[in-house]
Protein chains: 2
Amino acid sequence: MSEERIATNLRKGVLEYCVLALLSHGEKYGLELAGDLTARELIASEGSLYPLLARMRENGLVEPRWDTSGTGRPRRYYAITQHGSEQLATFTRVWVSLGAQVDALLEGSR
Amino acid sequence: MSEERIATNLRKGVLEYCVLALLSHGEKYGLELAGDLTARELIASEGSLYPLLARMRENGLVEPRWDTSGTGRPRRYYAITQHGSEQLATFTRVWVSLGAQVDALLEGSR
DNA sequence: ATTGCAAGTCTTGCTATACAAGGTTAGGCT
DNA sequence: AGCCTAACCTTGTATAGCAAGACTTGCAAT
């Protein structure tokens with residue numbers, strides 16, 4: 001199994017909350033998010049992001065807004081909702097707990 | 001999204017290497033592994049484990065051995081292979097790296 | 001004007017994983 | 001013989017990330 005495939009599987013279920021964490025600082029538009037996530041090696045392409053944003057919109061985690069005022073093409077800015085903030089807090093708990101279990105196992109295997 | 005569904009997604013791609021880490025201490029049989037993983041809340045049922053063990057067998061990460069000597073029904077013991085050890089090391093690198101990125105994002109969102 | 005390019009959003013088809021539920025086999029105990 | 005449990009495995013489902021590319025719109029150069 002290549003490093004890339006390992007990373008792909010690890011990203012499952014994490015990406016959604018990384019988006020929420022990024023948005024907790026203020027709204028961002030699609031490609032801007034993609035850039036941030038790519039820099040952190042949290043996505044491999046935009047093909048993950050846009051379907052994810054659509055799901056998050058449907059689930060009320062983010063609220064989009066078209067911005068046509070600026071220069072260039074219209075951008076769709078996303079803001080985190082109250083519900084999104086709550087889910088981020090829940091995720092953080094689960095992440096910390098599960099991460100500790102995995103860390104313990106990996107420690108023990110060395 | 002419930003805590004359980006969050007955890008389910010987080011487990012994807014992690015479970016395989018938790019099994020390898022457990023086996024790095026010595027061979028174990030199926031239900032024994034299931035017990036260890038359940039205690040750590042790393043699986044929700046055996047329905048994840050047996051298909052995973054079959055895949056790992058096919059990929060040469062583990063080497064099974066039937067043991068009919070003891071009392072009770074025959075058990076299938078799994079041992080980690082050389083290739084499995086290498087994959088575990090690779091996973092550890094990816095896990096640490098990706099985990100640090102996620103931790104940084106979650107830290108920043110508080 | 002027209003052509004070309006780049007930014008930006010979104011879609012399609014694919015693969016892989018965890019899970020729930022249940023089926024199967026074999027030994028031990030009464 | 002009959003039941004219970006340990007232990008193993010199978011089937012069907014839902015979902016997530018990804019690669020590749022389609023579509024649209026503004027801008028810049030020719």
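The chains referred to below are lettered A, B, ... by the order of the sequence lines, with proteins before strands, and numbering in each begins at 1. From a predicted model like this one, the values you see are computed outputs, not experimental measurements.
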Q: Can you tell me which residue pairs pass the salt bridge (charged side-chain N to carboxylate O under 4.0 Å, His left out) test with a partner in residues 86-108 of chain A, sequence neighbours excluded?
A: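 Qualifying pairs, neighbours excluded: A:R93-B:E3, A:E107-A:R110.
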Q: Scan for salt bridge (charged side-chain N to carboxylate O under 4.0 Å, His left out) pairs involving residues 33-46 of chain A, sequence neighbours excluded, and state none if there are none.
A: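 Salt bridge (charged side-chain N to carboxylate O under 4.0 Å, His left out) check on residues 33-46 of chain A returns A:K28-A:D36.
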Q. Between A:E4 and A:R11, does at least one N-O distance fall below 4.0 Å, as a salt bridge requires?
A. yes
Q. What residues, two or more places apart in sequence or in another chain, satisfy salt bridge (charged side-chain N to carboxylate O under 4.0 Å, His left out) together with A:E27?
A. A:R65
Nearest-angstrom distance from the residue atom [atom1] of [X] to [atom2] of [N]:
X	N	atom1	atom2	value
A:R73	C:dG8	CZ	C1'	4 Å
B:R75	D:dT5	CZ	P	17 Å
B:E46	C:dT24	CD	P	17 Å
B:L33	D:dC8	CG	P	9 Å
B:K28	D:dA7	NZ	C1'	16 Å
B:L31	C:dT24	CG	P	18 Å
A:D67	C:dT9	CG	P	11 Å
A:E41	D:dG17	CD	C1'	16 Å

Q: Would you indicate which nucleotide in C:dC19, C:dT9, D:dC8 comes nearest to any side-chain atom of B:A44?
A: C:dC19
Q: Ignoring the backbone of A:R76, work out which of D:dT25, C:dT9, D:dC8 is nearest its side chain.
A: C:dT9
(Q) Does B:Y78 reach a base, just sugar-phosphate, or nothing at all? Heavy atoms under 4.0 Å. (A)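 Sugar-phosphate, no base atom in range.
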(Q) Could you work out, with side-chain contact (heavy atoms from CB on, under 4.5 Å) as the rule, every residue matching A:P51, not counting sequence neighbours? (A) A:R55
Q: Taking only the side-chain nitrogens and oxygens of B:S45, find out if one of them lies under 4.0 Å from OP1 or OP2 of C:dA20.
A: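 Checking C:dA20 against B:S45, a side-chain N or O does come within under 4.0 Å of OP1 or OP2.
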(Q) Donor-acceptor check, side chain of B:S48 to backbone of B:I43, threshold 3.5 angstrom: yes or no? (A) no
Q | Partners meeting side chain to side chain donor-acceptor pair (under 3.5 Å) with A:Y78 (sequence neighbours left out) | A |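 Once residues adjacent in sequence are excluded, the partners of A:Y78 under the side chain to side chain donor-acceptor pair (under 3.5 Å) criterion are A:R57.
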Q | Counterpart residues, side chain to side chain donor-acceptor pair (under 3.5 Å), relative to B:R76 (two or more places apart) | A | none
Q.
Can you list everything that forms a ring pair (Phe, Tyr, Trp, His ring centres under 6.0 Å) with B:Y77? Sequence neighbours excluded, please.
A.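 For B:Y77, the residues satisfying ring pair (Phe, Tyr, Trp, His ring centres under 6.0 Å) (neighbours in sequence not counted) are B:Y29.
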Q. In residues 2-18 of chain A, which ones come under 4.0 Å of DNA chain C, going by heavy atoms?
A.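 Close to the strand are A:R5, A:N9.
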Q) Where along residues 47-64 of chain B does a heavy atom come under 4.0 Å from DNA chain C, residue by residue in number order? A) B:G47, B:S48, B:R55
